[in-house]
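Following: one structure in structure tokens, then a few remarks.
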There are 2 protein chains.
Amino acid sequence: MKGRILEVARRIFGQYGFHGTTTRMIAQEVGIDISTLYYHWGEKGDLYEAVVLDIYEDLREQLVEVEKRIHGLALEKRMEIAVEMMTDYLFERPEISNLTLFRYFAKTRHASPLDFRVPEIMGNIAHSMGLVSDKKQLQPDAKMKMLAVMNAIHNFVSGQNFFLTMLDMDEKEYVKGVKETLKFLIIPAFVHNGAAPKRA
Amino acid sequence: MKGRILEVARRIFGQYGFHGTTTRMIAQEVGIDISTLYYHWGEKGDLYEAVVLDIYEDLREQLVEVEKRIHGLALEKRMEIAVEMMTDYLFERPEISNLTLFRYFAKTRHASPLDFRVPEIMGNIAHSMGLVSDKKQLQPDAKMKMLAVMNAIHNFVSGQNFFLTMLDMDEKEYVKGVKETLKFLIIPAFVHNGAAPKRA
DNA sequence: GAATGTTTCCATCAAATGATGGAAAACTAT
DNA sequence: ATAGTTTTCCATCATTTGATGGAAACATTC
């Protein structure tokens, strides 16, 4: 039951944000009484925290998968595949992108339950893209580049419904267009700028 | 009074989002009674709508300024200046970026007052970057590129507080790093890919 | 100054929201 | 089958939130 609640909470928090989500919405979606929700998860903020940690763990695991897949390939190929894989993955779980973006800037009205530490994944991202050989040594400027790359993907995933309408595309076209756009933007920067360190 | 309320509402909605913002928060910040707020602006959703339209108008005007400034320059120079100007502008008005991002994916719990039409500014963006000569002719793939560029800026602006901590930087370093990262990412894509159409 | 219109506030409402106590139901172990 | 434990629900609470009516205060016009 606890896991079912977490699963539903994840989706709803991802769509409506912390304040836009009521505990009753979650309970109703799961098909339980609201006190059952409190029985299993305690306060709303606790549940939200669990959700955020959950998505970060998912993201970390996926980055590991990406890395396995691109290991040993040429830089450009590595980036192409990384972008494809991350994009596909996130499109299937838009709440990850939404919750990530909410986390960057959405404030809450009370002592923030949201200021908990989240695992550092910048190094994982860089490593999974094959841009560093040692995850522990990432410089701030490289971190910013990683942020820009990941956020570019998150944005297209999160904004899908909005942008589909704006661009007058269907979903398939959109996903295809997203991938092309991301590669258009990202690959020249890293490949042509000679920004990638030599692999050990 | 009406304008004062709008100004304050803009900031608070930008930080807390629609559901995270209460009408009392706004009234208190302005220093008025809550019914005064309702007297001038009607329902909460109406005020939010006015705020969103307000920021879009601001953004449009700034894009016009950018265009004036870069007119006639070489592509690379145009993009550098456009990125600098837009970044500076948005850092002074983070609510624009926040509200824009909220709009892409944050759902509301009732018949959405948020689904109103907003002026189309993709053409303005492309034009202001000097990437098309006719704003009316933007193809979907070009629009996606514009989106990616603008969203990259919005993300760094919106995420400032979060990223400052993550990256262990002070504000000045951060802004500088943002500009460098954006140029690092954006310029190669457009300049080296030969993606920019010839200027008429 | 009076009449009229506008703005502001106080007091309040209905509904919503986060949350809980206690009892019943379900489950588990012997 | 019984006892003990866990889970679920109903009923409810305190507080918050969006919103309003009416009166007072203020501003404008003649």
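A note on names: the letters A, B, ... follow the listed sequences, proteins ahead of strands, and every chain is numbered from 1.
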Legend entry - Residues forming a salt bridge (charged side-chain N to carboxylate O under 4.0 Å, His left out) with B:Lys179, sequence neighbours excluded: B:Glu84, B:Asp88
Legend entry - Protein-nucleotide distance (B:Asp46, atom CG; D:dG18, atom P), rounded to Å: 13 Å
Inset, instruction - Check the distance between D:dG18's C1' and A:His19's NE2 and give it to me in whole angstrom. - result: 16 Å
Legend entry - Strand contacts (DNA chain C) in residues 4-15 of chain B, 4.0 angstrom heavy-atom criterion: none
Inset, instruction - Run through A:Leu90, A:Leu63, A:Val66 and flag the one making a side chain to side chain contact (heavy atoms under 4.5 Å, CB included) with A:Met85. - result: A:Val66
Inset, instruction - Grab the two heavy atoms, one from A:Thr165 and one from A:Asn161, that are nearest each other, plus how far apart they are. - result: OG1-O, 3.3 Å
Inset, instruction - Give a yes or no answer on whether the side chain of B:Asn151 reaches the backbone of B:Leu147 with a donor-acceptor pair at less than 3.5 Å. - result: yes
Inset, instruction - Go through DNA chain C in 5' to 3' direction and return only the first and the last nucleotide with some atom under 4.0 Å of chain A's heavy atoms. - result: C:dT17 to C:dG21
Inset, instruction - Could you list the residues that satisfy ring-ring contact (aromatic ring centres under 6.0 Å, His included) with B:His40, not counting sequence neighbours? - result: none
Inset, instruction - Just say parallel, tilted or perpendicular for the rings of A:Tyr104 and B:Phe163, cut-offs at 30° and 60°. - result: perpendicular
Inset, instruction - Check each residue of residues 27-36 of chain A for a non-hydrogen atom within less than 4.0 Å of any atom in DNA chain D, then write out the ones that pass by number, or none. - result: A:Ile32, A:Asp33, A:Ser35, A:Thr36
Inset, instruction - Carefully, step by step, assess B:Arg10 and B:Glu95 under the rule salt bridge (Lys or Arg N to Asp or Glu O under 4.0 Å). - result: CA-CA 7 Å; B:Arg10 196 174 133 144; B:Glu95 74 275 4; 2.8 Å; yes
Legend entry - Whole-Å distance separating the CG atom of B:Leu47 from the C1' atom of D:dT17: 15 Å
Legend entry - Nearest atoms (heavy-atom pairs only) where B:Leu37 meets B:Leu47: CD1-CD2, 4.2 Å
Inset, instruction - Show your reasoning for whether salt bridge (Lys or Arg N to Asp or Glu O under 4.0 Å) applies to B:Glu7 and B:Arg4. - result: CA-CA 5 Å; B:Glu7 195 64 44; B:Arg4 280 179 55 204; over 6 Å; no
Inset, instruction - Tell me, yes or no, whether the heavy-atom count around A:Glu80 atom CD, taken from other residues, nucleotides or ligands under 6.0 Å, exceeds 12. - result: yes
Legend entry - Ion pair B:Lys68/B:Glu65, N-O distance below 4.0 Å: yes
Legend entry - Taking every non-hydrogen atom, the tightest pair across B:Thr87 and B:Val178: CG2-CG1, 4.1 Å
Inset, instruction - Report the relative orientation of the aromatic rings in B:Phe102 and A:Phe102; use parallel for angles under 30°, tilted for 30 to 60°, perpendicular for over 60°. - result: tilted
Legend entry - Spacing of A:Lys2 atom NZ relative to D:dT8 atom P, expressed in whole Å: 12 Å
Between N or O atoms, less than 3.5 Å apart, protein on one side and nucleotides 14-16 of chain D on the other: list the pairs.
none

